[in-house]
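Written out below as structure tokens is the structure these notes cover.
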Amino acid sequence: MSSRRKFIKKLGITLPAITLLGVQAYEVKGASILAEKKKTTPIKPVVISTWKFGFSANEKAWETLEAGGKALDAVESGVQVPESDPNVSSVGFGGLPDRDGNVTLDSCIMDETGNAGSVAFLQGIKNPIRVARMVMEKTPHVMLVGKGAQDYAVAEGFEIEDLLTDKARTRWEEWKTDANYKPEINVEDHDTIGMIALDKHGNLSGACTTSGLAWKMHGRVGDSAIIGAALFVDNEIGAATATGKGEAVMKTVGAFLIVELMRQGKSPQEACELAVQRIIEKNPDSKNFQVGYLALNKEGQTGAYSIQKGFTYNVFDPNKKEQMQADHYYETDVRSY
Ligand code: GLY
């Protein structure tokens, strides 16, 4: 694309319109837009993550970002905090199992070059995000699943461990007494950790990792392993991540949708709201489940929105380190579905 065409594209007006406007008007308008752009210095670094447990994940990621490190390294190290924490019952070690008592993990990662890696239905590996990164960087593939993903992790030096803690086993035993499949919204302020970051170099990356829905069917894979659903990064535009009912996110390709909406000029907040709106339009039962979205653009602006109230998220930038409640669509306090 010629530089004039690129410039015209930036102005957001078509060639015939430019011709009609004439060169002088075009230059005046261009100058004012450029001046406006100059005023908004990007905020960086920035890291944003889901749920209360994301705060300590942000603290870990911030160490890398503050030191001038890469967003990719920051998000990978950040999400390992809840992955390794046995008290977090929805991510990694200590995650609640499927209905047959197996802890099965989904994770994905995406970097500033558009590279992506993921693992799904992975068992016995405490930090699946590290395996996802290896899939991205060391294999010709994007996604490995199940036994193949585990074999690959072992070949890379990972140990197979029992991820079902006594606490999670007890809860599973309790659940089995009536085996009622009724997962709850926002319980313990937990679900997937999704984290997206913009580093000092202006590059974006993201990571997402979960043990998925408690008591899910054996073999179920959710959005957290699916690039475009729970995570998408386009270094020209921005990044987005998702938490909540993975099936609803997958069916609307939520994170990709948010990034594309930002490409069309929406702010991160507007893009998250439109993506939630899309789920509500497509799901007559949307009152009964939760989905939360986070977005971050190249300017370091953030957005957060969820279907239900109770979606906590964390934003760190040079001016703040805050835990916040996302705006949400339904005011009613729906607790379960
Ligand atoms: N968002 C997590 C899952 O549905 O598995």
Side-chain angles (χ1 to χ4, degrees), residues 48-54 57 75 79 82-83 88-100 102-110 118-123 128-129 132 143 145-146 149 163 168 181-196 206-232 240-258 272 275-276 278-279 282-283 285-286 288-295 304-308 310-313 326 336-337:
I48 180 167
S49 69
T50 55
W51 302 115
K52 283 185 180 164
F53 54 53
V75 296
V79 302
E83 275 187 345
V88 175
S89 64
S90 55
V91 182
F93 179 52
L96 293 173
D98 64 20
R99 53 187 65 180
D100 301 320
N102 308 288
V103 179
T104 72
L105 307 177
D106 299 335
S107 288
C108 68
I109 194 160
M110 193 162 186
S118 93
V119 287
F121 189 53
L122 175 61
Q123 296 180 59
I129 199 66
M143 187 174 199
V145 308
L163 303 183
Y181 186 61
K182 202 175 179 196
E184 294 187 329
I185 293 167
N186 298 334
V187 169
E188 300 164 22
D189 222 324
H190 277 193
D191 190 77
T192 313
I193 177 146
M195 176 180 274
I196 44 184
C208 186
T209 180
T210 189
S211 52
L213 293 174
W215 335 131
K216 62 194 173 185
M217 287 177 72
H218 186 58
R220 182 262 190 189
V221 169
D223 59 324
S224 305
I226 310 297
I227 294 296
L231 179 69
F232 197 71
T241 192
T243 183
K245 188 181 176 187
E247 284 75 5
V249 176
M250 289 155 89
K251 287 189 278 188
T252 51
V253 201
F256 182 74
L257 174 62
I258 291 169
C272 288
V276 164
R278 181 73 58 91
I279 290 179
K282 302 279 179 193
N283 292 271
D285 64 336
S286 65
N288 300 327
F289 63 85
Q290 173 69 304
V291 167
Y293 284 124
L294 299 179
Y305 200 66
S306 57
I307 300 179
Q308 320 286 344
F311 174 37
T312 312
Y313 69 105
S336 64
Y337 64 96

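Please read all numbers here as calculations on a predicted model, not as lab measurements. We count ligands from 1, going down the list as the structure has it; atoms in each ligand are counted the same way.
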>> So, applying side-chain contact (heavy atoms from CB on, under 4.5 Å) with Ser107, which one of Ser118, Ser224, Pro128 is it?
In response: Pro128
> Applying the side-chain contact (heavy atoms from CB on, under 4.5 Å) test to Tyr293, which of Thr243, Thr241, Ile258 qualifies?
Replying inline: Ile258
> Would you say Gln290's side chain and Ile307's backbone share a donor-acceptor pair under 3.5 angstrom?
Replying inline: yes
>> Students should be able to answer this: which protein heavy-atom is nearest to atom 5 (O) of ligand 1, and at what distance?
In response: Arg220 NH1, 2.6 Å
> At a 4.0 Å threshold, what atoms of ligand 1 neighbour a non-hydrogen atom of Ser224?
Replying inline: 1 (N), 2 (C)
> In chain order, what residues pass the side-chain hydrogen bond (donor to acceptor under 3.5 Å, both in side chains) check against Thr50, with sequence neighbours excluded?
Replying inline: none
> With a cut-off of 4.0 Å, which atoms of ligand 1 are near a heavy atom of Thr192?
Replying inline: 1 (N), 2 (C)
> Are the charged groups of Arg220 and Glu247 less than 4.0 angstrom apart, N to O?
Replying inline: yes
>> As a check for students: among Thr210, Val91, Asp223, Thr209, identify the option with a heavy atom nearest to atom 3 (C) of ligand 1.
In response: Asp223
>> Check this for me - ligand 1, Gly212, N or O atoms closer than 3.5 angstrom, yes or no?
In response: no
> Does ligand 1 have a heavy atom under 4.0 Å from the side chain of Asp191, from its backbone, from both, or from neither?
Replying inline: side chain
> Knowing that exactly one of Ile129, Leu231, Val119 qualifies, which makes a side-chain contact (heavy atoms from CB on, under 4.5 Å) with Cys108?
Replying inline: Leu231
> Would one find an N or O of Gly244, backbone or side chain, under 3.5 Å from an N or O of ligand 1?
Replying inline: yes
